[in-house]
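Just so we're clear, the structure is a prediction, and the values are computed from it rather than from any experiment. All values below come from the heavy atoms of this structure, side chains included, with hydrogens, waters and symmetry mates left out.
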Amino acid sequence: MNAVFADTVFFVAAANQRDSLHSKAMQFSSEFRGRMITSQWVLVEVANFFAKSRNRDGLSEFIDGLLADPQVECVAASADWFGRGWRLYRN
């Protein structure tokens, strides 16, 4: 199974045509065949990035689309997962 972790930088670039990484994010999106894994923390960061944007409504649709996509797995925020990630980071 082909899977990648999609972080905040990827989603900001994909959603923002003026981002310097937009074309690379879109090219990757069009060519990648597999599952994308992200987390609720990442989606909150993306929403926060665009919170004062004119395109706030469009971003809501973008995130809703991700959550509805069967090829996207969104890991729920939890103290357990945060602890695991923090231990991995520290090690």
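Judged as a ring pair (Phe, Tyr, Trp, His ring centres under 6.0 Å), the pairs with a partner in residues 30-78 (not counting sequence neighbours) are, in order, Phe28-Phe32. For residues 21-30, every residue pair satisfying the side-chain hydrogen bond (donor to acceptor under 3.5 Å, both in side chains) rule, not counting sequence neighbours, is listed here: Gln27-Glu31. Residue pairs meeting the salt bridge (charged side-chain N to carboxylate O under 4.0 Å, His left out) criterion with at least one member in residues 47-63, sequence neighbours excluded, do not occur.
In this structure, Ile37 is a member of the same hydrophobic cluster as Ile63, with clusters built from ILVMFWY side-chain heavy atoms closer than 4.5 Å.
A donor-acceptor pair is defined here as one N or O able to donate and one able to accept, closer than 3.5 Å; no such pair exists between the side chain of Arg33 and the backbone of Asn2. For Gln71 (side chain) and Gly34 (main-chain N/O), a donor-acceptor pair under 3.5 Å exists by modelled atom type.
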Full working for side-chain contact (heavy atoms from CB on, under 4.5 Å) between Cys74 and Leu67: CA-CA 7 Å; Cys74 185; Leu67 294 171; 4.0 Å; yes
Chi angles and distances behind the side-chain contact (heavy atoms from CB on, under 4.5 Å) call for Glu73, Arg35: CA-CA 7 Å; Glu73 177 183 345; Arg35 290 186 54 76; 3.2 Å; yes
Verdict with reasoning, Val75 to Thr38, per side-chain contact (heavy atoms from CB on, under 4.5 Å): CA-CA 6 Å; Val75 177; Thr38 194; over 6 Å; no
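Going from atom CG of Asp64 over to atom CG of Asp69 covers 12.5 Å, rounded to the nearest 0.5 Å.
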Atom pairs and distances, donor-acceptor, side-chain atoms in residues 81-91, under 3.5 Å, two or more places apart:
unit_1 : atom_1 : unit_2 : atom_2 : d
Arg84  : NE     : Asp80  : OD2    : 3.4
Arg87  : NH1    : Gly83  : O      : 3.4
Asn91  : ND2    : Arg87  : O      : 3.1

Side-chain donor-acceptor distances from residues 3-20 under 3.5 Å, at least two apart:
unit_1 : atom_1 : unit_2 : atom_2 : d
Asp7   : OD1    : Val9   : N      : 3.3
Asp7   : OD1    : Phe10  : N      : 3.0
Thr8   : OG1    : Glu45  : OE1    : 2.4
Asn16  : OD1    : Arg18  : N      : 3.0
Asp19  : OD1    : Leu21  : N      : 2.7

